[in-house]
Protein chains: 2
Amino acid sequence: MATMQDVARRAGVSLSTVSYALSGTRSVSAATRDRVAAAMAELGYTPNAMARGLASRRSRVLALVYPAAERGLGGTVAEFVSAAADTARENGHHLVLWPFRTNQADEVRDLVLQGMADGVLVMEVTLDDPRVATLRDAGVPFTMIGRTRDVGGLPSVDVDFERTTREAVDHLVGLGHRRIAFLNHSEATATEGYAPTFRAEEGFAAAMRSHGLEPLTRRVDESPQAGREALADVLADQPGTTALVTMNEIATFGVLAELQHRGVGVPEQMSVLAIVTSPGVADMSNPPLTTMHAPGAELGRLAVLNLLSQVSGEGSPAAGALIGCTLEPGQSVGPARDAAPASGAAQSPPRP
Amino acid sequence: MATMQDVARRAGVSLSTVSYALSGTRSVSAATRDRVAAAMAELGYTPNAMARGLASRRSRVLALVYPAAERGLGGTVAEFVSAAADTARENGHHLVLWPFRTNQADEVRDLVLQGMADGVLVMEVTLDDPRVATLRDAGVPFTMIGRTRDVGGLPSVDVDFERTTREAVDHLVGLGHRRIAFLNHSEATATEGYAPTFRAEEGFAAAMRSHGLEPLTRRVDESPQAGREALADVLADQPGTTALVTMNEIATFGVLAELQHRGVGVPEQMSVLAIVTSPGVADMSNPPLTTMHAPGAELGRLAVLNLLSQVSGEGSPAAGALIGCTLEPGQSVGPARDAAPASGAAQSPPRP
DNA sequence: TTGAAAGCGCTACCAA
DNA sequence: TTGGTAGCGCTTTCAA
């Protein structure tokens, strides 16, 4: 392997000039720069990341910690990772996914303390996430994707669940729907402190009440079968239901299958609005789903920029950013079935 | 940050003794070892990974390259990653996931040439994978998960598709099934050279023919809707079909929904055997699926051991390992519907 | 069983 | 605009 010293000799310049030509840290004449570049090409020079890291005390690696082994990695996370990796690269960094389990807080901290990474993006943050406390106490630069119960000014980016559920409800109410049910993530996610389950549920309830409507929520296991059962459950509890908001992709498949099985037309007799979805799910069903697409890419970009601003010590990172989902029209949402014929749909009183 | 020199002073020994005490590379008296350990604890010493990497010319990082941004990361890959990470850790290494796209072969190579990683695990290998050629030519240690068209003695681990499909067919034939259809991955995966699509298809055909049966295969898009359509298609083409082998999880959901919709009992009238599945899918349906579980964990372990043997230069790594799937009984496979009533199930002649 | 010291290949400061 | 050089914190050989 050719070293920087080899390049310097070949180009007839000093080692430091090669270093500066490579990093652009100080100006180098065009002529010199060309000769250095030529020497590098001729020798097939490849910089040594360890040496650079040791000398500069920066690895130029950002660690994304995500419990991939526990959760898999869906479309939304994939969009996040993709955008985060691109943003990191544009800023001269590598974005690397470190498959640590949620209970490996110390290992995550040590990554940075040992200099393998300059900072951490923490995904799947729970309401009381042990990793966050550990990183904060160790003074390790990090940005949360999601929020703990008590955000306390810590840097974070997250889906704006309040806004997303409100827009979902507003959209449906605007179409004349009054009896709307929310099919949430599972009870298991709630038990383990998965924040979106709570934030979306609260947001949905608040939005419904702001319209004078009663929220009906069900927590549903992540399986098609559970989706079918949840639909049956909802229709038994609230027979007049004309619209569903779902935040559970796999269960939504079951819901659609069960609706078809029962001969309930979508969207003629039942509207289905899938929120916080990943790309591609809309087209996995017939009719294509109307969705509110999670802002994975935007979150990834913001999270990396936030972390870089901490790592570079430049500027004060925004404490927290909340991004809403984007409504993407499909064919699974339409006017309420009794809204068109009746004179005043929005006036129809709730049943006792 | 305390350095090794600080620890040495505090323990009253030389720097090199601290290094040896830490690495165990040469014997250190118990007394000395204890004093070094105490000094480390008192100072809160954390070793510097960059310095160690520079001096030893080894990063102790294994890079797993996987196009997470393009594919997401399902249960099988999650099991693989988990086992690979554990095996790496047991051997003093980190396993990190580097989100490179399939066309970023040079970037993957540079990872190792720059010393950020010691070797590469290449996932989602296609029949003609550009990354494999690049890594081979650069002399970078790597192990494929999957196989190119021409394996040529390159280190690899893979699912044994030939064996898995044969066992699947044997199992069904043993239950009296004669008309068996295979629902494969999509045409799109075939177009991009995704090897499992071909290997499974060929294996299924060979297994069927070895029983004197005619293979019927359909390539199905990865969506529930496509699964429903594929079932309709198969039943139209081959009305007497009594069993399905599927290698397409999402489509399988649609198949089950459509079967229920048509009132076709599972497994009384139709057996469904899902092969190369990830954990959890079996329980996502009712009745629970009978599956052949992909050996993700075993592949992860073997892949890391193979790569480590290359990196350490010790022993010759096994060129290739093929692991079959494990049959996991569920309730979606049963005797052929016309086998039970008839006198000799296995003897029932194929219809003309 | 231990110590001394020569690097590993860079960055970045101090001079010129 | 360029050169010289002192580290960065460790591993590992050579000696004792």
Side-chain angles (χ1 to χ4, degrees), chain A residues 1-37 39-40 43-61 92-93 110 112-116 118 311-313, chain B residues 1-37 39-40 43-61 92-93 110 112-116 118 311-313:
Chain A
M1 283 277 77
T3 72
M4 203 169 254
Q5 184 60 260
D6 299 330
V7 175
R9 263 191 291 268
R10 176 126 192 167
V13 298
S14 75
L15 193 165
S16 59
T17 294
V18 175
S19 175
Y20 289 120
L22 193 59
S23 68
T25 309
R26 87 179 179 192
S27 59
V28 174
S29 75
T32 309
R33 203 180 321 119
D34 290 349
R35 292 170 52 220
V36 169
M40 284 182 176
L43 294 172
Y45 171 74
T46 305
N48 182 305
M50 292 289 150
R52 185 173 63 160
L54 177 59
S56 65
R57 298 140 165 283
R58 315 241 285 95
S59 64
R60 298 185 165 267
V61 166
H93 286 253
D110 290 347
V112 177
L113 295 185
Q114 297 183 357
M116 313 216 60
D118 297 335
V311 165
S312 312
Chain B
M1 283 278 77
T3 71
M4 203 169 253
Q5 183 60 261
D6 298 330
V7 174
R9 263 192 291 267
R10 176 128 191 165
V13 298
S14 76
L15 194 164
S16 58
T17 296
V18 175
S19 175
Y20 289 120
L22 193 60
S23 68
T25 310
R26 89 179 178 192
S27 59
V28 174
S29 74
T32 308
R33 203 180 321 117
D34 289 349
R35 291 170 53 220
V36 170
M40 284 181 175
L43 294 172
Y45 171 74
T46 305
N48 182 304
M50 292 288 149
R52 185 173 62 160
L54 178 59
S56 66
R57 295 137 168 282
R58 314 242 284 97
S59 64
R60 298 184 165 267
V61 166
H93 287 253
D110 290 347
V112 177
L113 294 185
Q114 297 183 359
M116 314 216 59
D118 297 334
V311 165
S312 311

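Just so it is clear: chains get the letters A, B, ... in the order the sequence lines come, proteins before strands, and each one is counted from 1. All values derive from a computational prediction rather than experimental measurement.
Here the range on DNA chain D touched by chain A, meaning any atom under 4.0 Å from one of its heavy atoms, is dT1(D) to dG9(D). Chain A approaches DNA chain C over the interval dG9(C) to dC14(C), counting the first and last nucleotide 5' to 3' with an atom under 4.0 Å from its heavy atoms.
The side-chain heavy atoms of Leu113(A) and Asp110(A), taken from C-beta on, include a pair separated by under 4.5 Å.
Listed by chain and number, the residues in a side chain to side chain donor-acceptor pair (under 3.5 Å) with Ser27(A) amount to none (sequence neighbours excluded). Ala55(B) pairs by the side chain to side chain contact (heavy atoms under 4.5 Å, CB included) definition with nothing, not counting sequence neighbours. Here Arg60(B) pairs with nothing under the side chain to side chain donor-acceptor pair (under 3.5 Å) rule; sequence neighbours left out. Every residue was checked against the side chain to side chain contact (heavy atoms under 4.5 Å, CB included) condition with Arg57(A), not counting sequence neighbours, and none meets it. Under the rule for a side chain to side chain contact (heavy atoms under 4.5 Å, CB included), the partners of Thr32(A) that lie at least two apart in sequence or sit in another chain are Val13(A), Thr17(A), Val28(A), Ser29(A), Val36(A).
Taking both residues in full, the closest heavy atoms of Val61(B) and His93(B) are given as N-ND1, 4.1 Å, listed atom of the first, atom of the second, then distance. The minimum heavy-atom distance linking Gly115(A) with Ser59(A) is given by the pair O-CB, 3.5 Å.
Residues from residues 46-56 of chain A placing a heavy atom under 4.0 Å of any atom in DNA chain D, listed by number, are Leu54(A), Ala55(A). The stretch residues 25-35 of chain A comes close to DNA chain C through Arg26(A), each having a heavy atom under 4.0 Å from the strand.
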inquiry  = Once pairs are restricted to Watson-Crick or G-U wobble with both distances under 3.5 Å, how does DNA chain D read as a dot-bracket string, [ ] for crossings and | for other-strand pairs?
reply    = ||||||||||||||||

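Residue pairs meeting the salt bridge (Lys or Arg N to Asp or Glu O under 4.0 Å) criterion with at least one member in residues 18-35 of chain A, sequence neighbours excluded, do not occur. The list of side chain to side chain donor-acceptor pair (under 3.5 Å) pairs with a residue in residues 45-56 of chain B, not counting sequence neighbours, is empty.
Rounded to the nearest 0.5 Å, atoms CE (Met50(A)) and CE (Met116(B)) are 6.0 Å apart. The structure places CD of Gln5(A) at 12.0 Å from OG of Ser19(A), a figure rounded to the nearest 0.5 Å.
When heavy atoms are screened at a 4.0 angstrom cut-off, Thr3(B) is found touching the sugar-phosphate backbone but no base atom.
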